[in-house]
Undergrad: 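Let me give you the structure first, and then I'll get to my questions.
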Amino acid sequence: MMSQHPALQDLELYVMGTCEDSDAIESHISDCRDCSAIVRREARLELAMFDLAGRVAECPSCRRAAASDRCANCGAALRAGDYRIVEVVVQNAHGRLYLAEDRVGRRVALKELAFVQTPGLEAISAFEREVKFLRALAHPDIPRFVASFQEGEGVQTRLFLAQEYIDGESLHNRLADHWFDEDEVIGIARKVLEILVYLQELSPIVIHGDIKPANLIRRHDGSIALVDFGAARSFNATITTAVGTFGYMPIEQLAGIVNPSTDLYGLGASLVHLLAREEPWKILEDPAALAKLNVTPELRKFLAKLTARRPVDRFANARAAFDALARLRAPSARRRKPWLFAAIAAGGLATGAAGFAVAKLTSSDASTVIVDDDDDESRQIALIETWPKHAPEHSGDFVAIYGDAFQQGLASYDAMHGVKTESAVYLPIAVSDAIEDPHTGQWYVIDDQSFGTFAWPGTFHSLEVEPAPSLWNPSALAFDTKRRRIVIASEDEQSELHYLYAYSVDTKTWVKLADIGPLELDSLTYNFADDRLYGLNNGFLSVLDANGTVLKHYPVANSAGAQIVSAQGRLYFVTNGTVEFLNAHVTNFDFTSPAPPTCDADALKDKGMEMITMGQHAAALAQFEASLKCKRDSYVMQLAFMEACSSNNATKAKFYFKQLTPAQQNKFAQICIRQKVEYE
Amino acid sequence: MFSRVMRSWHVTKLGVASLPASEPHLDRGAWDKIIRSHDRRVFLSVLALGVRPDRARDVVQTAWTRLMEKDQRGEITMDNIVGLAIAQARFLALDELRRGDDRKRSDLHPADALDEFDAERLVLGRERLDRAMEALQSCSPSAQRLFQLLYAEPPMSYPLAAAELGLSVQRVRQLMCEVRKKLRVALEEGSAP
């Protein structure tokens, strides 16, 4: 027992639960009425503080305490309609863009237009235009309209537009720490032109009117979405006011004149910005300045035509620009790695009946093939998969799926004996992965909704009959040759949880192998040498046992659109037109990929820390993820988990939670718990 | 895991092994999390009655056990579990005071204790809430953030909150003492005799 009264502050710390010698304090207050009275008073204050915390909320913008639906300090909303505000994404004098959640946790981008500072007619018109166009448009790379509503009256009026939240990073922000190369820019151009083709094939034509890097969002899977339709117009609409962004709009748009080439100019200016890392007007005011871009003459010519001063000198419409882009040489052909050239020159080149070229990789004794299409350079290899025919340990056969904007084709190759005859057969469905039963020769394919058999020259028969599971967006296939079953990666209807299903090709029965949580596998392969499954997921290579239990994850660089391929017991990392050997044998390899030259993990981490201090948790998470792609670091992994929780990103929280050590899990789980974010 | 969590804040033994084995509404892991998050608040609600800390721990332990038993019989919903736990603990503590078991240990008469535990004193009325809000908003942004981390559901521990804010635990304690000082003044205004 303490002989003297403890200090008042020690009694206070005892009640706060953070006293270092609570046993001595307890012993004392059990017999001391004065100190007991102080503790009683402090306990009441503590309880009042709990009550207070339950009745105030934390402002999602300035992080100060707020007692109502709007922060008294910064004015940001805490709630609007049925939505809970998670984060302020951007704000200006007339409104804000929030990341918000509805009652069941679905995320939306919530745009707010406030009347406190009397928005101009143009701001109101832009808001109404965006509502009108988003309601009408339906394209996977344009945000889906969710709801629009009004709150308040008079100067308190606020208009809200809820639209699909595009989880990604704008190309404008990406410029800060990323150097775009020609291949990437061509890929972006292709994706944006696909959206513009859609808009320009509507009747009447829809002109976006404000295409710029800030309105092009790169999702984590590398796809591009076009946002902000506040400047959009129908082509036949009468226009009295110029709307757009200086530097990205052609000169005639300043006079209110728009046509299908308007958006092409915006795209061209954006691409120039990405390549030059300078505001485009500085380059486009002198067309000759395009020469300083470090790109091929073909691309320079394409950009010059997109950004021509006179509308008549530009492409007539998005389709014409898309076709012209397709005629540019394929990126893989232009930038092929030197060792591949060497392999081709050494005589490993064969030409198939349909003009496909197969180059055998002679740098190892594995029969990996590189497939290229010499006849039509617009086609790119979307995927390469092993084909372990008859004797997997000796197999070198591959099947390649080709994709262009219109169709997909399937071609098979036998690297040991040359090109097979079934090449360039176009598929009746949009196949995203395919595999052949090595014993029966039966083909199995998945598209974006289903799984089934495929027979030459193009008959598809769905296998999703009872008692098959309802596959939702199957993403990848692998053939487990040991158990003669096809393993399929799929997801639930909310696209949040992912599962592995197995289909036994002999008994034609299904089994749900495993719940793999947030692991959305873009590619899956079975490796007979170690009886394991390998999958690629958003920058990580995941190793699973044959029953789908996740064993380990490895970060891999440049994984967007890549495939993991197993052949002869070895693993290969396949990107567009290139194959990288993942070191020696799968039982003894090191997946660590060298960081790209511009990649600075520490700088990215520091930037993420800066974002935390600004309360921008989603942006901080993106920085930490970029840092992790650069260099795997346990501390950054913790930060990524904390920011996934703080930004209410359950998918990422679950993913990073699994990466933490048990001690870290115990320590940091509370962050998700208090944000009510599922993490396991 | 379960007993380790119990020891982490005052409660040492819960006797869960004696609970019936029927299908519970919540599994032990879920109860583990609930108790870890709210045990301190329930303990404080008993301590505020003037009950000795060791007795308060016993009372809180019994309260949680009873709630778990009720849950296993399907007699409670989880909508306001912390409120139920506080009510249960308060009932047990006042019952002891009425029976005189703890009278020597408490410096309050049961009637006074009941008065001390008047809901109005613990649940902030509009006027006191406004004053408390004003006091809270006069604190620095980091102190406000800290307050949310430590007191909003589910409350964080001091080391975790310190890690979240990149501060030392000592600095976090200091900041919270400053916040408490302002809130103490604000809440005592108008309630002085």
Side-chain angles (χ1 to χ4, degrees), chain A residues 9 12-19 22-23 25-27 29-34 36-37 39-59 62-68 71-73 609 612-613 615 638 642 646 666-671 673-676, chain B residues 9-10 33 36-37 40-41 43-50 52-55 82 86 105-108 116 121-124 128-130 132-133 136-137 139 141-142 144-145 147-160 163-164 166 169 172-173 176-177 179-180 183-184 187-188:
Chain A
Q9 192 182 18
E12 187 177 14
L13 291 176
Y14 166 73
V15 171
M16 289 160 66
T18 182
C19 176
S22 58
D23 288 346
I25 299 265
E26 286 186 1
S27 172
I29 61 177
S30 294
D31 296 322
C32 175
R33 279 176 172 254
D34 293 341
S36 175
V39 165
R40 200 169 65 240
R41 189 189 68 205
E42 291 299 318
R44 284 202 304 272
L45 173 61
E46 197 74 357
L47 289 168
M49 289 167 73
F50 276 113
D51 185 41
L52 177 64
R55 292 158 74 176
V56 301
E58 188 179 68
C59 171
C62 68
R63 296 286 167 193
R64 294 197 177 198
S68 65
C71 175
N73 180 56
M609 298 300 282
I612 292 179
T613 60
Q638 282 175 27
M642 289 165 72
S646 297
N666 268 343
K667 189 172 175 187
F668 293 105
Q670 279 208 42
I671 299 173
I673 294 170
R674 69 182 307 281
Q675 293 283 351
K676 299 184 173 58
Chain B
W9 178 260
H10 299 302
K33 282 182 185 171
R36 186 167 44 189
S37 295
R40 177 169 160 249
R41 191 172 172 184
F43 173 76
L44 287 169
S45 72
V46 178
L47 204 62
L49 288 172
R52 285 168 49 139
D54 55 342
R55 291 296 306 140
V82 65
I86 288 174
R105 295 175 184 138
S106 170
D107 52 352
L108 289 179
E116 287 277 321
R121 286 175 171 271
L122 298 178
V123 179
L124 297 172
R128 295 180 84 215
L129 177 66
D130 289 346
M133 264 306 295
L136 186 59
Q137 285 173 338
C139 298
S142 55
Q144 291 185 37
R145 172 102 178 103
F147 174 80
Q148 288 289 328
L149 293 177
L150 292 172
Y151 291 92
E153 295 298 331
M156 272 188 190
S157 66
Y158 272 71
L160 193 53
E164 169 84 359
V169 174
V172 163
R173 281 184 188 141
M176 271 326 293
C177 285
V179 173
R180 293 180 101 257
L183 287 174
R184 190 182 295 117
L187 292 171
E188 283 173 359

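Protein chains get the first letters and strands the later ones, always in sequence-line order, with residue 1 at the start of each.
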Undergrad: Is any side-chain heavy atom of A/I29 less than 4.5 Å from a side-chain heavy atom of B/R52?
TA: no
Undergrad: For A/E42, give me all partners under salt bridge (charged side-chain N to carboxylate O under 4.0 Å, His left out), at least two apart in sequence or on another chain.
TA: B/R180, B/R184
Undergrad: Does the pair B/Y158 and A/L13 meet the rule for a side-chain contact (heavy atoms from CB on, under 4.5 Å), with working shown?
TA: CA-CA 11 Å; B/Y158 272 71; A/L13 291 176; over 6 Å; no
Undergrad: Can you list everything that forms a salt bridge (charged side-chain N to carboxylate O under 4.0 Å, His left out) with A/R41? Sequence neighbours excluded, please.
TA: none
Undergrad: So which part of B/L183 gets closer than 4.5 Å to some heavy atom of chain A, the side chain, the backbone, both or neither?
TA: both
Undergrad: Can you check whether A/F50 reaches B/L44 side chain to side chain, under 4.5 Å on heavy atoms?
TA: yes
Undergrad: Please report the interatomic distance CG(B/D54) to OG(A/S27), rounded to the nearest 0.5 Å.
TA: 9.5 Å
Undergrad: In Å and rounded to the nearest 0.5 Å, what is the CD to CE distance from A/E46 to B/M176?
TA: 7.0 Å
Undergrad: Chain A: which of B/L160, B/V172, B/V82 shares the most heavy-atom pairs with it under 4.5 Å?
TA: B/L160
Undergrad: Does B/R40 reach the main-chain N or O of A/M16 with its side chain, forming a donor-acceptor pair under 3.5 Å?
TA: yes
Undergrad: Return the option, out of B/V169, B/L149, B/L136, with the maximum number of heavy-atom pairs under 4.5 Å with chain A.
TA: B/L149
Undergrad: Find the distance between SG (A/C19) and CZ (B/R173) and round it off to the nearest 0.5 Å.
TA: 8.0 Å
Undergrad: Heavy-atom pairs under 4.5 Å with chain A are the metric here; pick the option from B/A152, B/S37, B/A163, B/P53 that has the most.
TA: B/P53
